[in-house]
There are 2 protein chains.
Amino acid sequence: MGVTKTEAYTAPQLELADLCKALAHPARVAILEHLLTQDCCICQDLTDVIDLSQPTLSRHLQVLRDAGLILGTTEGTSRSYCIHPAHWRRVQGMLNGFFDRFQDGCC
Amino acid sequence: MGVTKTEAYTAPQLELADLCKALAHPARVAILEHLLTQDCCICQDLTDVIDLSQPTLSRHLQVLRDAGLILGTTEGTSRSYCIHPAHWRRVQGMLNGFFDRFQDGCC
DNA sequence: TAGTAATATAGCAATATTGCTATTAACTGC
DNA sequence: GCAGTTAATAGCAATATTGCTATATTACTA
């Protein structure tokens with residue numbers, strides 16, 4: 001029904017799934033890649049870099065913010081976005097913890 | 001419109017997004033975790049472990065197979081699933097490559 | 001205060017995802 | 001061949017996601 005039975009899963013399972021959901025769109029990957037190329041948290045006009053309307057980009061940024069992957073600080077009339085350092089490393093650790101559980105193949 | 005403008009993104013961006021999409025559901029995370037606890041590729045009746053109907057689980061397994069995360073081999077009347085060793089490591093490497101691009105925070 | 005610039009929200013249409021029941025397909029054992 | 005078991009597919013309803021245009025909000029500036 002397009003609805004996920006969240007109550008049946010553990011908190012870590014839900015957290016990992018939610019994080020991956022935030023990364024599960026090429027526009028959001030592109031936004032993060034763009035932020036990664038910036039030395040610092042420059043709020044570039046993403047509409048020049050990614051072919052989407054301003055409101056659509058704003059929504060994607062919100063998803064990334066909700067997932068904790070980026071930080072947005074108001075700076076006058078514009079907004080400065082950057083990778084959320086602590087959370088970024090935490091997420092990487094979480095993913096590695098998940099993938100490291102696989103030791104040896106059988107097949 | 002619920003449709004993603006795939007043509008606007010690079011192949012790596014699309015690949016990373018697709019992979020994350022495969023991980024973006026707690027049931028699929030739970031399936032992978034279950035496979036990780038098995039020494040070998042035992043095809044357990046996942047319906048006992050995860051509270052979903054057999055067809056729904058079959059669909060999730062298909063998504064994981066399409067993403068290359070698991071391997072399924074027919075074994076008589078049942079089917080043996082296991083982590084896809086090579087691809088598993090490749091995916092981990094890809095994710096790490098992405099997350100490692102972040103060097104120093106600015107804020 | 002009025003005007004401008006930048007981002008966010010509202011509201012919509014189209015498509016995707018998730019889950020179910022019912023059915024089909026593929027193999028096993030009799 | 002025929003029943004039983006297991007996984008996959010068909011087809012559906014409900015919800016989620018994505019994208020747009022139009023509008024609202026917020027902060028600066030003259």
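With rounding to the nearest 0.5 angstrom, the CD atom of Q54(B) is 10.5 Å from the CG atom of L46(B). One distance of note links OG of S53(B) with CZ of R59(B); it measures 10.5 Å at 0.5 Å rounding.
When the C1' atom of dA8(D) is taken as reference, atom CG of L64(B) falls 15 Å away, rounded to whole Å. In this structure, I70(A) places its CD1 atom 13 Å from C1' of dT7(C), rounding to the nearest Å. dC20(D) atom P lies 12 Å from atom CD1 of I50(A), rounded to whole Å. One can place CG of L61(A) at 14 Å from C1' of dT9(C), the figure rounded to the nearest angstrom. Residue I31(A) contributes atom CD1, which lies 10 Å from atom P of dG19(D) at whole-angstrom precision. Taking atom NE2 of H25(B) as the reference point, atom P of dT17(D) lies 10 Å away to the nearest angstrom. In this structure, Q62(B) places its CD atom 21 Å from P of dT6(D), rounding to the nearest Å. The CG-P distance, from D48(B) to dA7(D), rounds to 11 Å in whole Å.
Within the 4.0 Å cut-off from OP1 or OP2 of dC20(D), at least one side-chain nitrogen or oxygen of T56(A) is found. OP1 or OP2 of dT17(C) has not a single side-chain nitrogen or oxygen of H60(B) nearer than 4.0 Å. One finds a side-chain N or O of R79(B) lying less than 4.0 angstrom from the OP1 or OP2 phosphate oxygen of dA8(D). The phosphate of dA8(D) (OP1 or OP2) has a side-chain N or O of Y81(B) nearer than 4.0 angstrom. The phosphate of dA8(D) (OP1 or OP2) has a side-chain N or O of R65(B) nearer than 4.0 angstrom. Within the structure, every side-chain polar atom (N or O) of T77(A) is placed at least 4.0 Å from both OP1 and OP2 of dT26(D). For S53(B) and dC20(C), the shortest distance from a side-chain N or O to OP1 or OP2 is below 4.0 Å. Dashed line: the shortest gap from a side-chain N or O of S78(A) to OP1 or OP2 of dA6(C) is not under 4.0 Å.
Side-chain proximity of S58(A) to the nucleotides dT9(C), dG19(C), dT21(C) is greatest for dT9(C). Taking every side-chain heavy atom of L52(B) into account, dC20(C) is the closest of dA10(C), dC20(C), dA7(D).
Contacts with DNA chain C (heavy atom under 4.0 Å) in residues 13-23 of chain A: none are found.
Here the side chain of W88(A) pairs a donor or acceptor atom with the backbone of F99(B) at under 3.5 angstrom.
Every side-chain hydrogen bond (donor to acceptor under 3.5 Å, both in side chains) that T10(B) has, sequence neighbours left out, goes to Q13(B). By the side-chain hydrogen bond (donor to acceptor under 3.5 Å, both in side chains) test, N96(A) is found to be paired with Q92(B), N96(B), residues two or more places apart in sequence or in another chain being considered.
Along DNA chain D, the nucleotide closest to A24(A) and the one closest to G76(A) are compared, and the more 5′ of them pairs with A24(A).
R90(A) and E15(A) are joined by a salt bridge, as a carboxylate oxygen and a charged side-chain nitrogen come within less than 4.0 angstrom of each other.
A donor N or O paired with an acceptor N or O is found under 3.5 Å between the base of dA8(C) and the side-chain atoms of Q54(A).
The aromatic rings of Y9(A) and H25(B) sit perpendicular to each other, their planes meeting at more than 60°, with 30° as the lower class boundary.
Considering all non-hydrogen atoms of both residues, S80(A) and E75(A) come closest at CB-OE1, 3.6 Å.
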